[in-house]
S.K.: 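First, the structure itself, so that you have it in front of you.
Residue numbering restarts at 1 for every chain, and letters A, B, ... go by the order of the sequence lines.
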2 protein chains.
Amino acid sequence: MGWPEMSGEDNLLRLVEVEDGDENNYHLQDQVGFILRKAHQRHVSIFASHIGDLTPPQFAALAKLYDIGETSQNQLGTLIAMDAATVKGVIDRLKARGLVEVSKHEVDKRRLLVNLTPEGREAIERLIPLARAITEETLAPLTAKEAATFLRLLAKLA
Amino acid sequence: MGWPEMSGEDNLLRLVEVEDGDENNYHLQDQVGFILRKAHQRHVSIFASHIGDLTPPQFAALAKLYDIGETSQNQLGTLIAMDAATVKGVIDRLKARGLVEVSKHEVDKRRLLVNLTPEGREAIERLIPLARAITEETLAPLTAKEAATFLRLLAKLA
DNA sequence: TCAAATTCATTCGTATGCAAATGATATCAG
DNA sequence: CTGATATCATTTGCATACGAATGAATTTGA
């Protein structure tokens with residue numbers, strides 16, 4: 001089997017293209033950034049179907065506060081990969097719902113300390129089992145072995 | 001080597017925890033959603049460092065129009081994984097910059113056709129080589145073999 | 001054929017996400 | 001000690017992202 005309508009010289013050119021991995025064509029749907037964006041979208045959608053009243057960033061803030069206890073708004077942002085402007089909005093909304101409370105640092109007056117309220121603690125304890133199910137459903141298209149490989153490589157990338 | 005300060009009963013409990021994969025502790029930083037979000041953030045940052053005057057969604061719209069030619073706004077949204085509300089904003093901004101033009105479908109009056117302008121075509125042709133570099137830099141933490149595996153698994157997930 | 005359902009696009013509201021500028025406070029260097 | 005730097009938080013502006021509601025146009029099905 002060969003390529004129709006091709007002279008010998010065309011065949012040589014074609015071979016070069018094959019060796020180059022078809023680099024003259026740009027396929028958006030094969031680019032890591034595009035697929036990464038879609039995978040992230042799918043995860044957020046799965047998250048919303050399990051936990052409708054909280055976003056992933058809001059959950060991340062609660063989970064991290066549950067893990068480490070009271071901390072400054074900036075430090076929390078670093079731990080959950082949010083810049084200062086973003087974390088402020090997230091904390092404002094959690095505060096408005098009574099899930100976290102803020103206070104001023106006694107020594108360093110620049111810092112705003114954030115901590116879970118009892119309601120916030122109760123919420124995160126209730127939600128963590130759901131979060132496990134979300135992780136499971138997100139990884140469901142992969143076998144256990146594939147999922148382990150994927151998580152290892154994803155972590156190297158992130 | 002054992003665990004300090006543990007009686008025989010404690011050791012039994014500890015073994016159960018190990019067998020359970022430490023499932024009593026929830027580690028945000030190990031969850032696929034959290035790492036996916038960070039990997040996506042890193043990619044967007046790399047993208048911005050190479051292509052400062054266009055966002056990844058804007059680039060995706062141009063690249064897809066370059067690939068398939070004129071299409072409806074809705075269809076374009078489907079192809080680049082954007083809902084109708086999001087794609088409208090993206091197209092509006094590309095239109096304002098003269099990179100795309102819109103027209104009404106002659107038969108189906110509901111549809112808004114979108115196409116590249118000559119400037120848009122010139123822009124995407126200029127940018128595609130940069131996009132290849134962005135993909136390369138995003139995948140740089142992985143070996144070629146790892147990258148291939150990662151892309152295969154990521155595609156299954158997305 | 002014609003009412004119901006569907007599709008396409010728009011608008012509104014809410015929530016990240018980040019760059020840049022600003023102000024307050026704290027730390028460092030000479 | 002003090003001026004330069006750095007850190008923490010806030011604010012503004014812009015750009016996705018999506019649910020829900022709406023209106024216009026088309027397609028379907030009885």
S.K.: Kindly say whether Arg37(B) contributes a backbone atom to a donor-acceptor pair with the side chain of Arg42(B) at under 3.5 angstrom?
M.R.: no
S.K.: Which of these nucleotides, dT10(D), dC8(C), dT25(C), is closest to any side-chain atom of Asp108(A)?
M.R.: dT25(C)
S.K.: Locate the shortest heavy-atom distance separating Pro141(A) from Glu146(A); write the atom from each residue and the value.
M.R.: O-OE1, 4.3 Å
S.K.: Distance check needed: dA15(D) C1' versus Ile91(B) CD1, whole Å only.
M.R.: 14 Å
S.K.: Between CG of Leu130(B) and CZ of Arg132(B), what distance do you get to the nearest 0.5 Å?
M.R.: 10.5 Å
S.K.: Students often mix this up, so state it plainly: with edges at 30° and 60°, are the rings of His40(A) and His40(B) parallel, tilted or perpendicular?
M.R.: parallel
S.K.: Expected output is a numbered-order residue list: members of residues 94-107 of chain B with a heavy atom under 4.0 Å from any atom of DNA chain C. What is it?
M.R.: none
S.K.: For Leu79(A) and dC8(D), what is the distance between atoms CG and P respectively, to the nearest whole Å?
M.R.: 12 Å
S.K.: Just how far, in rounded Å, is C1' of dT27(C) from CZ of Arg111(A)?
M.R.: 12 Å
S.K.: Parallel under 30°, tilted from 30 to 60°, perpendicular over 60°: which one fits the rings of Phe59(B) and Tyr26(A)?
M.R.: perpendicular
S.K.: Could you state the atom-to-atom distance from CG of Asp53(B) to C1' of dA15(D) in whole Å?
M.R.: 14 Å
S.K.: Can you tell whether the side chains of Glu119(A) and Arg97(A) come within less than 4.0 Å, N to carboxylate O?
M.R.: no
S.K.: Would you state whether a donor and an acceptor, one from the side chain of Arg110(A) and one from the base of dT7(D), lie under 3.5 Å apart?
M.R.: yes
S.K.: Starting from C1' on dA15(D), measure out to NZ on Lys88(B) and report it in whole angstrom.
M.R.: 14 Å
S.K.: Could you measure the distance from the NZ atom of Lys38(B) to the CG atom of Leu157(A)? Nearest 0.5 Å is fine.
M.R.: 11.5 Å
S.K.: To the nearest Å, how far apart are Asp92(A) CG and dT10(D) C1'?
M.R.: 10 Å
S.K.: Mind calculating the distance between CG (Leu76(B)) and P (dT10(C)) to the nearest angstrom?
M.R.: 13 Å
S.K.: Is the phosphate of dT10(C), meaning OP1 or OP2, less than 4.0 Å from a side-chain N or O of Gln73(B)?
M.R.: yes
S.K.: Do Thr117(B) and Glu101(B) pair up side chain to side chain, a donor and an acceptor below 3.5 Å, judged on atom types alone?
M.R.: no
S.K.: Are any protein N/O atoms closer than 3.5 Å to N/O atoms in nucleotides 15-19 of chain C? If there are, list each pair with its distance.
M.R.:
{"residue": "dT16(C)", "atom": "OP1", "partner": "Thr55(A)", "partner atom": "OG1", "Å": "2.6"}
{"residue": "dT16(C)", "atom": "OP2", "partner": "Gln58(A)", "partner atom": "NE2", "Å": "3.0"}
{"residue": "dT16(C)", "atom": "OP2", "partner": "Arg93(A)", "partner atom": "NE", "Å": "2.7"}
{"residue": "dT16(C)", "atom": "OP2", "partner": "Arg93(A)", "partner atom": "NH2", "Å": "2.9"}
{"residue": "dT16(C)", "atom": "O5'", "partner": "Arg93(A)", "partner atom": "NH2", "Å": "3.2"}
{"residue": "dG17(C)", "atom": "OP1", "partner": "Arg37(B)", "partner atom": "NE", "Å": "3.4"}
{"residue": "dG17(C)", "atom": "OP2", "partner": "Arg37(B)", "partner atom": "NE", "Å": "2.9"}
{"residue": "dG17(C)", "atom": "OP2", "partner": "Arg37(B)", "partner atom": "NH2", "Å": "3.2"}

S.K.: Nearest heavy-atom pair of Ala39(A) and Leu154(B): which atoms, and what distance?
M.R.: CB-CD1, 3.7 Å
S.K.: Using whole Å, report how far CG of Leu36(B) lies from P of dA17(D).
M.R.: 13 Å
S.K.: Measure from the side-chain heavy atoms of Lys109(B) and tell me the nearest of dA26(C), dT11(C), dA25(D).
M.R.: dA25(D)
